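Reading through the structure tokens given below for one structure.
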Amino acid sequence: MNRRERLENIIAILKKEYGESKVMLNYNTPFELLIAVILSAQCTDKRVNMVTKEMYKIVNTPEGFANMEVEEIEKLIKSTGFYRNKAKNIKQCSIDIIEKYDGKVPMNMDDLINLAGVGRKTANVVMGDITKEPEGIVVDTHVKRLSNRIGFVKTNNPIIIERELMKWVPKKYWFDYPNLLIRHGRAICKARKAECNKCGINEYCKKNI
DNA sequence: CTCCCGATAT
DNA sequence: ATATCAGGAG
């Protein structure tokens, strides 16, 4: 079986197990999603949802964050970690969105990654969930780990992983592939203790081929 | 490459 | 006690 067939089977099985692909982060607007994804760096989405639930009652617009002191934002997001960088980025990012994009989150890769605290991963997540047509493939810690374990790539460099996957993964899967791998990575194929006995795609994994 | 960093699982 | 969590910037 070639890797393309393995990919098709893996996606079909995971789709059946986890259902519709969608981020687990809670949001009501593209801007709320952008901030949630910035906060999700090295932090569980569960924690991010706890923080944003309370924070968005107080501020949930670029204008709101742009007019706040960085220290105020720090207090609101402290429990997500990296809070000094994230607070500074959220404020600058909000200012940029107001000044350069008329207060609306831009929906293309070039503009998104020029925002403070936004890299390719964050941009792909936001674009993917809003438009369902990402310009690239999200490579986070789970996609990195599972892509290596399955045997699709042999590197830990996220940029190289994305470039390699984009070469042969059909574009129609650029949204589903990372979303399903992330769900599977959190539930079964975990970093610390992978539960291979419960894994539905075990026969397509590198170690069993 | 290093640094940023609190919360949680193991 | 240590690894890990939907990373990004310098």
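Reminder, nothing fancy here: chain letters follow the sequence lines and each chain counts from 1. Here the structure is a predicted model, which means the values were calculated and not measured.
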Subject >> Whole-Å distance separating the NZ atom of Lys78(A) from the C1' atom of dC5(B) >> reply: 9 Å

Subject >> Spacing of the P atoms in dC1(B) and dA6(C) (rounded, Å) >> reply: 23 Å

Original post:
Which whole number of Å gives the distance between the P atom of dG10(C) and that of dC5(B)?
Top reply: 14 Å

Original post:
For residues Asn114(A) and Asp111(A), is any side-chain donor paired with an opposing acceptor at under 3.5 Å?
Top reply: no

Original post:
If we take the P atom in both dT2(B) and dA3(C), what is their distance in whole Å?
Top reply: 15 Å

**OP:** Let me know which of Arg192(A), Lys198(A), Lys193(A) forms a salt bridge (Lys or Arg N to Asp or Glu O under 4.0 Å) with Glu195(A).
**Re:** Lys198(A)

Subject >> Residue closer to the 5' end of DNA chain B, Met50(A) versus Thr80(A) (nearest nucleotide) >> reply: Thr80(A)

Original post:
Start at the 5' end of DNA chain B and walk down; is the nucleotide closest to Tyr83(A) or to Arg192(A) reached first?
Top reply: Tyr83(A)

**OP:** Report the distance from atom CG of Leu39(A) to atom C1' of dG6(B), rounded to the nearest whole Å.
**Re:** 13 Å

Subject >> OP1 or OP2 of dG6(B) under 4.0 Å from side-chain N/O of Arg47(A) >> reply: no

Original post:
Will you find, in the side chains of Glu203(A) and Asn208(A), an N or O donor that is under 3.5 Å from an N or O acceptor?
Top reply: no

Original post:
Can you tell me how far C1' of dG6(B) sits from CD1 of Ile77(A), to the nearest Å?
Top reply: 11 Å

Original post:
Out of Ile161(A), Leu146(A), Ile10(A), which one pairs with Phe152(A) under the side-chain contact (heavy atoms from CB on, under 4.5 Å) rule?
Top reply: Ile10(A)

**OP:** Give the B/S/- string for nucleotides 5-10 of chain C, one per nucleotide from 5' to 3', where a protein heavy atom under 4.0 Å of the base yields B, of only the sugar-phosphate yields S, and otherwise -.
**Re:** BBBSS-

Subject >> Lys53(A) atom NZ: more than 12 heavy-atom contacts under 6.0 Å >> reply: no

**OP:** Round to the nearest Å and state the distance from Leu76(A) atom CG to dG6(B) atom P.
**Re:** 16 Å

Original post:
Under 3.5 Å, is there a donor-acceptor pair between the Glu5(A) and Asn9(A) side chains?
Top reply: no

